[in-house]
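Worth saying up front: this structure is predicted, and the values here are computed from it rather than measured. All heavy atoms count here, side chains included; hydrogens, waters and symmetry mates do not.
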Amino acid sequence: MKVELVNFYPFEVSSKRPRILAYADVRLDGKILIRGIRLYEAKNGGLFIVMPEFSPESRRAIVEIEDRELLEKIRRVVVDRYRESLS
């Protein structure tokens with residue numbers, strides 16, 4: 001499955017950890033667009049992504065990636081773009 005980064009919006013809003021670093025929109029195989037993936041920095045310094053959610057009250061995910069390999073591909077595309085933006 002091809003993972004393409006469509007839009008990337010880096011920023012920092014907090015010095016507390018985990019802190020949000022960026023939002024990203026990703027297209028899968030040119031057919032599925034996922035908007036609002038969030039990139040966070042963990043307490044240990046690692047980077048992780050969170051899929052968009054339905055609402056703050058229910059915290060129910062709109063998108064759930066059940067294939068670990070696909071989730072890692074999406075994470076890699078977003079993290080690589082973030083690191084490029086630092087350069």
task: Please name the pair of heavy atoms, one in Arg75 and one in Leu47, separated by the smallest distance, quoted to 0.1 Å.
output: NH1-O, 3.6 Å
message: Please find the pair of heavy atoms, one from Met1 and one from Leu28, that lie closest to each other, and give the distance.
response: SD-CB, 4.1 Å
- prompt: Should we say atom CD of Glu69 is surrounded by more than 12 heavy atoms from elsewhere, each under 6.0 Å from it?
  reply: no
field: Qualifying residues under side chain to side chain contact (heavy atoms under 4.5 Å, CB included), relative to Leu86, sequence neighbours excluded
entry: Tyr82
- line: Closest non-hydrogen atoms of Leu21 and Glu41, given as atom of the first, atom of the second and distance, are CD1-CB, 3.7 Å
field: Pairs satisfying ring pair (Phe, Tyr, Trp, His ring centres under 6.0 Å), at least one member in residues 29-48, at least two apart
entry: Tyr40-Phe48
- prompt: Going only through I, L, V, M, F, W and Y residues with side-chain contacts under 4.5 Å, is there a path from Ile37 to Leu33?
  reply: no
Using atom types as modelled, flag every donor-acceptor pair under 3.5 Å from a side chain in residues 3-10 to any protein atom, sequence neighbours excluded.
from	atom 1	to	atom 2	distance (Å)
Asn7	ND2	Tyr9	OH	3.4
Asn7	ND2	Asp25	OD2	3.2

- request: Taking the side chain as every heavy atom from C-beta outward, state whether Ile74 and Met51 have any atom pair closer than 4.5 Å.
  value: yes
field: By side chain to side chain contact (heavy atoms under 4.5 Å, CB included) - contacts of Arg68 (at least two apart)
entry: none
query: So, Asn44 side chain and Gly46 main chain: donor-acceptor pair closer than 3.5 Å or not?
result: yes
query: Closest heavy-atom contact between Arg38 and Pro52?
result: NH1-CA, 4.2 Å
- request: Could I get the full list of salt bridge (charged side-chain N to carboxylate O under 4.0 Å, His left out) partners for Arg81, not counting sequence neighbours?
  value: none
